Every structure is written in C-alpha cells, then in structure tokens.
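Here, residue 1 is the first one in the sequence, and each next residue gets the next number. The shown structure was predicted, so the numbers you read here are calculated from the model rather than taken from an experiment. Start at 1 and go down the list; that is how both ligands and their atoms are numbered.
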Amino acid sequence: MERVIIFDTTLRDGEQSPGASMNLAEKLEVARALAELGVDVIEAGFPIASPGDFEAVRAIAQRVEGPTIAGLARCNAEDIDRAWEALRDAARRRIHVFLATSAIHREHKLKMAKEEIVRRAVESVKRARGYCDDVEFSPEDAARTEPDFLAEVVEKVIDAGATTVNIPDTVGYAVPEQFGALIRHLKRHVRGIDRAVISVHCHNDLGLAVANSLAALKEGARQVECTINGIGERAGNCSLEEVVMAVKTRHDFFHLQTGIKAPRLYPTSRLVSSVTGLQVQRNKAIVGQNAFAHEAGIHQHGMIMHHSTYEIMRPDDVGFTHTQLVLGKHSGRHALRARIAEMGYHLNDAQLQNVFEDFKKLADKKKEVYDADLEALIEGRVQDAPALWEIVAFHTSAGTGTLPTAAVCLRRADGTTFQEAACGDGPIDAVFKSIERITGIAVRLRDYHVRSVTVGKDAQGEVGVDVEHRGRLVRGRAASTDIVEASARAFLHAINRIAVAESEMVEAAGAKRA
Ligand code: KIV
Ligand code: ZN
C-alpha cells in the first residue's frame with residue numbers, strides 16, 4: 001500500500017484561528033504530541049511573522065525529534081533566510097515557500113503579471129534549495145487559478161528544485177469532483193511531476209475540506225495538509241483525524257496508509273482543544289463526545305447484538321476511553337500514574353503530584369472518577385501558569401430579591417493573604433470582581449462557558465473563560481463539582497497567566513537596562 005504523508009499545520013494555519021494563539025510552552029507541548037501521534041511533517045510556524053513565531057519554530061526544530069520541521073516563508077529573500085535561521089538545527093527541515101497565482105490575487109493583491117509570479121516563485125525555490133534539500137512550494141489560491149497557468153508554475157518550480165508542490169484551496173471554494181480533476185490535470189500536463197510529491201491544503205469554508213482532500217488522494221496526491229480538530233483560518237482546515245480515519249477505515253477504497261498512531265488521536269485532540277480554548281463540537285466526527293454515543297433504542301439493541309451494526313470504527317481505535325470507570329478514593333499514586341499513561345498523557349513528577357492531590361479531593365466529593373474527570377484535572381494542571389495567586393477561601397450569597405455578593409481570600413506566592421468583597425450581577429460576577437480588586441488586574445470578560453465533564457448530579461463542571469487584558473486575549477480553565485468554584489479558579493488561572501507574563505516583561509526590561 002502506498003503511504004500518504006501527513007503534514008500537520010496546527011501550529012501555523014491552526015494557530016491562525018481567531019483566539020487560538022499559543023505560547024511557546026504550549027506550542028512545544030503540541031509539537032511533541034504531534035510527533036508522538038506519528039505525523040510526518042510539523043509546520044511549526046511562520047518565522048518572519050513575529051519574534052514569538054521565530055522562537056517557537058527554532059525551539060521545535062531544536063527539541064522535537066522525529067518529524068520533519070517546516071517553516072513558512074513568502075517568496076522573498078528576507079522571509080526565506082529567516083525561515084532557514086529558525087529551522088537550521090532540526091534533524092529534518094523543510095522550507096515552505098508560497099506565492100499566490102490566481103487572477104484575483106494577481107490583480108488585486110500582488111499587482112503582478114504572470115511572468116513576474118513565475119520568476120519570483122522560481123527564484124525563491126532556488127534560494128530555499130540553497131539552504132536545504134527539502135523545499136515545498138505552494139501556489140496560494142491554486143483552486144481558483146487557471147489550470148494551465150497553474151501547470152506552468154508547478155512545472156517551473158519543480159525544475160527549480162521544489163520537492164513538494166502543494167495545491168491549496170485557500171478559500172475553500174472547490175468541490176470534490178472538480179478538485180480531483182485539477183490534480184488529474186496537473187498529473188497529465190506537468191512535465192516532471194513525478195519528481196515532486198503532490199500535496200493538498202484545503203480550507204473548510206463550504207465544509208468540504210476533508211472531501212476535497214480525499215478526492216485529491218484518489219487522483220494521486222500523496223501529502224495532505226491538515227490540522228487537529230480541523231482548526232484554522234476562518235472555517236478551518238482539513239481535519240487530520242477525519243482524513244486519517246477515512247483512509248484507514250476505507251482502505252478497501254483508497255488502498256493507502258498513513259503513519260498515524262490512531263489511538264493517539266483523541267488525546268491529541270483534547271490537548272489542542274485545551275491549549276487553544278477551541279472546544280470540539282459534541283457531534284464532531286472521530287473526536288466529538290457523541291462520536292461513539294448511541295441514543296436510539298434500535299441502535300442500542302443492534303450494538304448489544306454486535307457493535308458492527310452501528311459502528312464503523314471502535315472508540316478504542318481512536319483513543320476514546322471516556323466511558324471507562326477508572327479510580328476511586330482508595331486508589332493510590334501508582335494506579336493513577338498507570339491510568340494517566342494509558343490515557344496517553346506524559347506528566348512530570350510535579351504535575352503528577354498536583355493531579356494526584358486534585359484527584360484525591362475530587363474522589364472525596366465524587367464516588368466514581370471517570371477518565372473524562374481525570375482529563376479535566378490533567379488539562380487544568382499541565383498548562384498551569386506558575387500560580388502567583390491561589391484561592392484560600394471564598395463565600396458567595398445570591399438568590400431572588402437579594403444582592404449577589406462574594407467575599408474572597410487569596411494567597412500571594414510570598415505567603416501574604418488578602419481579602420476583598422464585592423457585589424455583582426450574580427455570584428460569579430461578584431467573585432470575579434473580588435479577585436480583580438485583590439490582584440489589581442482588571443480585565444474584560446470576553447467569553448465564559450461551562451460544560452459538564454461527565455453525567456450525573458455529582459458531575460464536574462468545567463469552566464472556560466476568555467479575558468481581554470491590554471488588547472490580548474488570555475484563557476483560563478478549571479473544573480470542579482461546584483461551578484462557582486470552577487469559575488473562580490478558571491478566572492484566577494487567567495489572572496495568573498497575565499501576572500506571570502507581566503512579571504516576565506518587567507524582568508526582561510530590567511535585564512535590558514542592566
Ligand atoms: O491556505 C493557504 O493557501 C495557505 C498557504 C500558505 C499554503 O495556508
Ligand atoms: Zn491555509
């Protein structure tokens with residue numbers, strides 16, 4: 001069976017989703033998870049875009065082993081040189097250069113004639129090849145480019161040394177039959193096409209990114225660019241888990257394989273959702289909470305007779321373990337460590353200790369602790385900013401006809417405790433105001449959501465908040481069986497992130513002055 005190269009762009013195109021920005025530690029963690037998942041290429045970022053992007057690509061290139069690390073560059077010398085600087089320490093590295101080719105982009109954005117586009121593309125591929133042997137070229141908006149001009153560009157960049165030619169449907173305009181036909185056209189009309197891998201990069205504006213990518217594979221494309229949970233610019237990119245499981249589940253049709261370790265799909269999806277704050281819709285294929293839930297009586301009856309009646313994949317195949325009862329209050333640290341490892345998380349000793357303490361508290365309140373409960377605890381702890389502030393105690397009062405109030409006591413990292421009280425629109429608002437008063441950090445609440453982690457009246461509520469501080473969106477998340485407490489901790493999580501970032505900035509400014 002032929003192999004499909006999985007090129008993951010969660011850290012580049014995925015990070016372009018509104019509100020999905022990740023810090024360096026989070027990017028490294030996602031990159032390591034992607035390596036473990038078995039992706040072939042990680043597009044780690046766009047090094048020229050910002051110093052933060054550059055540092056993230058460089059750190060991933062230096063520290064993440066296994067996949068090829070790619071960095072994006074426009075067709076100019078500065079971008080390409082900067083991409084190379086960021087990538088040079090990787091064992092396997094790829095420079096990915098792009099330039100739009102469609103008439104719309106040529107006329108309205110680039111103001112360049114066809115000849116100029118070809119010249120710039122060829123020059124840039126040659127410059128990138130001067131640095132490394134693995135160079136990808138993307139004619140941006142390829143799906144809306146005249147097929148013959150696209151074939152000309154592709155032929156010339158292959159002659160110039162491109163080893164992968166990526167055909168993006170940048171605006172998600174294509175439909176499967178047409179997109180497959182475009183790949184067929186290139187295979188027929190580009191001299192030397194066999195010297196490069198044909199890749200596709202589909203956006204999901206019409207909900208067709210996966211379908212278009214699969215149609216291209218059927219016509220001979222052998223690399224798919226995709227993201228975990230399908231996140232990305234606007235409506236997102238082709239979803240990695242969906243395209244991979246389509247190829248795997250329907251190998252009778254595609255006769256292709258990937259190197260993805262499918263049981264790592266669900267944990268990776270959870271991780272990306274947790275660090276980006278982008279929740280996965282319940283009915284999302286492969287990794288949504290309902291993807292393997294059977295509600296209708298007829299279906300449940302069929303499932304009892306044989307799972308193949310209503311299931312084309314097993315939940316375990318993609319790493320779903322959410323219905324499993326795991327541990328109780330008498331379970332020890334070893335059992336917890338083993339279960340966490342089975343679920344696919346890797347915690348260091350300090351993180352494990354924190355999760356163990358949270359687990360014990362939870363097990364006291366809740367008889368049955370499920371995998372989903374553990375996930376919520378782990379996710380709360382793994383991305384934790386060092387806690388400059390922690391909750392000592394709080395009290396709220398609310399009800400019809402009374403003024404909602406809260407009194408909060410916080411401890412600062414130096415051990416001093418502070419108390420404040422406030423009124424609010426409700427008890428949660430009053431808690432948030434009290435926390436703002438104590439910490440002196442005022443924010444604007446942009447989003448607040450709560451979801452039940454498992455079922456039952458003792459289920460944990462997981463709260464996510466997005467707060468805006470000095471134009472920057474910061475996320476916080478926490479879970480508890482008490483949603484007011486979960487809200488307070490989620491809000492404080494975000495405040496701690498802001499406080500840590502501010503103290504780092506003050507330190508950096510001090511170091512500069514020194
Ligand atoms: O959508 C797009 O065209 C891109 C390119 C940079 C590959 O993201
Ligand atoms: Zn894109």
| Backbone or side-chain N or O of Asp13 under 3.5 Å from ligand 1 N or O | yes
| field | Polar atom proximity, Glu225 to ligand 1 (N or O, under 3.5 Å) | value |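 Looking only at distances, the answer is no, because the N/O contact criterion of under 3.5 Å is not met.
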How close does the nearest protein non-hydrogen atom get to [atom], and which residue and atom is it?
atom                   : value
atom 4 (C) of ligand 1 : His201 NE2, 3.4 Å
atom 5 (C) of ligand 1 : Arg12 NH2, 4.0 Å
atom 3 (O) of ligand 1 : Thr170 OG1, 2.6 Å

| request: For Gln223 and Asn166, test the side chains for any donor-to-acceptor distance below 3.5 angstrom and give the result as yes or no. | output: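 Judged by distance alone, the side chains do not pair up.
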| task | Consider only side-chain N and O atoms of His255 and Glu2, and report whether a donor and an acceptor are under 3.5 Å apart. | result |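 Looking only at side-chain atoms, Glu2 and His255 do not form any donor-acceptor pair under 3.5 Å.
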| How open is the angle at the Zn ion (ligand 2) from atom NE2 of His203 over to atom NE2 of His201, rounded to 10 degrees? |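 That angle is 100°.
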| query | Hey, is Arg58 close enough to Glu55 for a salt bridge, meaning N to O under 4.0 Å? | reply |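 Here Arg58 pairs with Glu55 in a salt bridge, since their nearest N and O are under 4.0 Å apart.
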| field | Any side-chain heavy-atom pair of Lys218 and Phe253 under 4.5 Å | value | yes
| task | Taking the side chain as every heavy atom from C-beta outward, state whether Leu72 and Thr9 have any pair of such atoms under 4.5 Å apart. | result | no
| Got a sec: is Asp13 within less than 2.8 Å of the Zn ion (ligand 2) via an N/O/S atom? | yes
